[in-house]
Undergrad: 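A single structure is presented below for examination.
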Amino acid sequence: MASSCPECGANVGVGNKPMAGEIVQCPDCGTELEVKNLQPLELAVAPAEEEDWGE
Amino acid sequence: MRVAIVGAAGYTGGELLRILLDHPQVSELQAASESQAGKFVWSAHPNLRKRTDLAFLPYDALRPADVVFLALPHGEAMRRLDEFRGLGTLCVDLSADHRLRQASAYDVWYGAPHPHPERLAEFVYGIPELHREQIRTARQLSGAGCNATAVILGVLPLARAGVIDRSRPIVAEAKVGSSEGGRESSEATHHPERAGAVRSFAPVGHRHTAEMEQELAHPRVDFSATSIEMVRGVLATAHVPLARELDEKALWRIYREAYAAEPFVRVVKERTGIYRYPEPKILSGSNYCDVGFALDPRGQRVVVVSAIDNLVKGAAGNCVQAMNVACGFDETAGLGFPGLHP
Amino acid sequence: MRVAIVGAAGYTGGELLRILLDHPQVSELQAASESQAGKFVWSAHPNLRKRTDLAFLPYDALRPADVVFLALPHGEAMRRLDEFRGLGTLCVDLSADHRLRQASAYDVWYGAPHPHPERLAEFVYGIPELHREQIRTARQLSGAGCNATAVILGVLPLARAGVIDRSRPIVAEAKVGSSEGGRESSEATHHPERAGAVRSFAPVGHRHTAEMEQELAHPRVDFSATSIEMVRGVLATAHVPLARELDEKALWRIYREAYAAEPFVRVVKERTGIYRYPEPKILSGSNYCDVGFALDPRGQRVVVVSAIDNLVKGAAGNCVQAMNVACGFDETAGLGFPGLHP
């Protein structure tokens with residue numbers, strides 16, 4: 001099964017038995033995505049603490 | 001396959017040797033250098049110690065080969081092409097001498113008329129991501145300027161998608177390493193003077209501008225270069241005016257369509273981690289060009305970031321990639337080194 | 001062949017991945033990391049972008065393999081060996097946990113008794129140039145300390161030739177890069193504090209001393225390390241007291257006999273050129289150890305200079321070389337990258 005990444009639109013495969021709340025990583029932009037919904041498959045950007053780069 | 005390198009003692013010549021020594025299809029390699037004739041190649045390229053006992057040949061000792069790489073100082077290939085052209089079926093000139101399509105551009109950017117303008121049309125600009133089909137059947141290829149390669153590959157998808165506002169200039173800034181200057185040392189490259197430099201050595205009038213305007217088919221590119229504390233590497237930052245509003249998803253689509261299938265271009269734009277946008281540090285020795293972009297929230301402007309190793313994708317690696325295309329080999333043959341981290 | 005890397009997110013884990021992805025005999029690769037489980041390996045190793053879509057596995061998801069590399073922090077392999085030992089026929093532990101033959105040495109040099117002293121005899125010290133025959137049949141190998149590797153390989157020919165004065169200490173000084181500290185950051189590795197450092201971080205009591213004394217079978221090695229402006233690399237300078245007078249020719253013979261046939265050790269001592277003695281700059285990414293020497297005209301003393309990339313010959317590369325020996329492969333398989341110049 002696959003869905004598109006909310007961040008960059010890439011096609012993100014989630015394997016054949018995804019679970020709600022499962023974390024997958026987008027192959028293009030590396031963003032961590034959470035399986036929000038199974039029917040239809042929906043991905044949302046997983047909550048991740050925004051590291052402060054502070055140069 | 002037999003390959004000859006003319007001018008094999010310089011930095012690009014050394015990278016051609018390093019790559020071709022590990023190339024599956026190259027069975028015979030000649031390394032010609034007038035200044036180092038008779039010496040082992042590793043005396044000029046110490047990384048090749050115990051790797052080969054090949055010695056430099058004087059130019060007149062060169063035997064015919066299938067492919068001839070010219071790694072000569074600018075101006076020499078123009079004048080001496082006839083001496084070497086006949087040596088091989090395919091000739092790849094890494095210098096600037098046959099890069100531009102308009103002869104007049106040489107007067108503007110190189111300060112002197114081209115001695116053989118009629119030849120310019122015989123050369124194909126040898127970046128496969130730009131001219132792969134033409135390169136397949138080409139018999140004469142020119143390498144590309146390293147800064148030009150970085151800027152062009154960064155902006156190309158936008159140019160092809162026709163989203164650039166052609167009425168405004170593209171402003172591009174490259175941060176460059178000291179190996180761009182080649183093997184010749186000078187007062188300015190003396191370590192106490194060069195180390196720690198953040199030096200605007202070509203704020204305007206940089207020669208690579210001509211290639212950027214030519215290959216991006218954009219009327220005006222304003223390019224400037226700053227040397228920084230780095231030996232290998234180019235980081236180009238291009239400010240591109242957009243003809244219409246675009247959102248991030250649209251930009252991702254443009255870059256994905258342009259580069260997903262390219263073996264040597266990676267789209268790098270990540271929200272987390274240390275290496276979120278392209279940078280040359282992890283590219284040294286690899287043939288990758290990393291490209292990223294950031295949409296200006298104030299609209300109609302995107303900043304494109306691109307990085308390469310100036311000696312590999314900016315010179316030797318790209319020319320081997322082009323040779324692979326022209327000879328019908330796997331385009332990645334001999335170019336598998338992925339770079340180092342950290 | 002199937003290979004598993006336990007602790008694949010660290011710097012040595014990343015180098016193992018980079019090398020093994022290009023290894024002709026390795027058909028299946030598992031990269032296990034507790035902290036990065038589920039993520040693509042390139043999120044921790046950006047040089048591997050577009051090179052592989054392998055993802056990190058949690059430890060408990062590891063399937064059996066032929067070879068298991070343990071790239072765990074010091075102290076963990078000692079405690080958790082049973083968890084991973086059964087995974088594969090050959091186990092290679094890159095940490096310090098099984099390097100020393102005397103258990104008591106761990107109390108002295110590592111400040112705590114070894115929890116499983118009986119296991120130390122089961123491990124072979126995995127430097128092929130030292131123990132190639134034993135490695136051929138070994139089932140458990142330990143990696144070596146990077147500074148120890150440089151000093152040992154530099155001095156080894158003299159030790160084997162029995163020309164060292166055993167009544168006096170060998171004094172060895174290593175100039176080291178920041179990647180020796182691994183991925184963990186600290187106040188001391190904060191760039192504004194670490195950049196430009198010439199910092200004596202271990203003038204005495206450095207742990208690698210134990211390995212040097214063990215492998216050179218020399219009663220006393222006085223080792224100290226200084227961190228300098230470098231990420232990868234070790235340059236070791238060893239002051240070796242001689243038992244009798246030797247001239248340069250005799251030294252050349254000793255080093256040639258020891259290393260002429262070794263694929264990864266190069267004797268570097270040249271009268272001209274820029275790179276006359278070994279230096280790490282041109283070794284980054286390569287598995288070479290360069291060794292050179294200078295006879296002290298005041299007699300009975302030789303200074304040995306040796307250089308490696310601490311992450312390759314000093315860790316991952318050496319362990320793949322040892323794996324090649326233990327599995328009966330070509331010893332250079334996967335280790336062909338010659339390093340870059342400049």
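Letters A, B, ... mirror the listed sequences (proteins, then strands); counts begin at 1.
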Undergrad: Identify which of Arg51(B), Glu270(B), Lys281(B) forms the greatest number of heavy-atom pairs closer than 4.5 Å to chain C.
TA: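 That would be Glu270(B).
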Undergrad: Is any side-chain heavy atom of Glu279(C) closer than 4.5 Å to one of Lys175(C)?
TA: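 No - every pair of side-chain heavy atoms lies 4.5 Å or more apart.
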Undergrad: Identify which part of Ser284(C) has an atom lying under 4.5 Å from any heavy atom of chain B, answering side chain, backbone, both or neither.
TA: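 For Ser284(C), backbone and side chain are both near chain B.
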Undergrad: Can you confirm whether Val41(B) sits close enough to Phe56(B) that some side-chain heavy atom of one is under 4.5 Å from a side-chain heavy atom of the other?
TA: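 Yes. Closest side-chain heavy atoms under 4.5 Å.
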Undergrad: Could you look at Ala195(C) and say if it's the side chain, the backbone, both or neither that has a heavy atom under 4.5 Å from chain B?
TA: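 Neither part, no heavy atoms under 4.5 Å.
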Undergrad: Please report the shortest heavy-atom distance between Ser286(C) and Gly339(C), naming the atom on each side.
TA: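 Looking at all heavy atoms of both residues, the closest pair is CB-N, 3.7 Å.
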Undergrad: Do Lys313(B) and Asn287(B) have a side chain donor and acceptor closer than 3.5 Å?
TA: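 Result is no, nothing qualifies.
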Undergrad: Who wins among Pro342(C), Gly285(C), Gly273(C), Pro338(C) for the most heavy-atom pairs under 4.5 Å with chain B?
TA: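 Answer, by heavy-atom pair count under 4.5 Å with chain B: Pro342(C).
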Undergrad: Quick one: what part of Val265(C) sits under 4.5 Å from any heavy atom of chain B, side chain, backbone, both or neither?
TA: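 Looking at Val265(C), just its backbone touches chain B.
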Undergrad: Does any heavy atom of chain B fall under 4.5 Å from the side chain of Phe337(C), the backbone, both, or neither of them?
TA: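 Side chain only.
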Undergrad: Can you tell me which portion of Arg18(C) sits under 4.5 Å from chain B's heavy atoms? Options are side chain, backbone, both or neither.
TA: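 Contact with chain B involves the side chain of Arg18(C) alone.
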Undergrad: Hey, does Phe69(B) have a side-chain heavy atom less than 4.5 Å from the side chain of Leu20(B)?
TA: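 Contact flag for Leu20(B)/Phe69(B) side chains = yes.
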Undergrad: For Leu311(C), which atoms come within 4.5 Å of any heavy atom of chain B: side chain, backbone, both, or neither?
TA: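 Side chain only.
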Undergrad: For the residue pair Met230(B) and Leu235(B), establish whether any side-chain heavy-atom pair is separated by less than 4.5 Å.
TA: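 Counting from C-beta outward, Met230(B) and Leu235(B) never come under 4.5 Å.
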Undergrad: Is Arg49(B) in contact with chain C via its backbone, its side chain, both, or neither, using a 4.5 Å heavy-atom distance?
TA: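 Both the backbone and the side chain of Arg49(B) come within 4.5 Å of chain C.
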Undergrad: Checking heavy atoms, do the side chain of Ser43(C), its backbone, both or neither come under 4.5 Å from chain B?
TA: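 For Ser43(C), neither part sits under 4.5 Å from chain B.
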Undergrad: Parallel, tilted or perpendicular: which describes the rings of Phe293(B) and Tyr255(B), with under 30° parallel and over 60° perpendicular?
TA: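 Because their plane-to-plane angle is under 30°, the rings of Phe293(B) and Tyr255(B) count as parallel.
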Undergrad: Are any of the side-chain heavy atoms of Met1(B) and His23(B) separated by less than 4.5 Å?
TA: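 No, side chains not in contact.
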Undergrad: Counting heavy-atom pairs closer than 4.5 Å to chain C, which one of Leu283(B), Asp22(B), Val268(B), Asp290(B) comes out on top?
TA: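 Ranked by contacts with chain C, first place is Val268(B).
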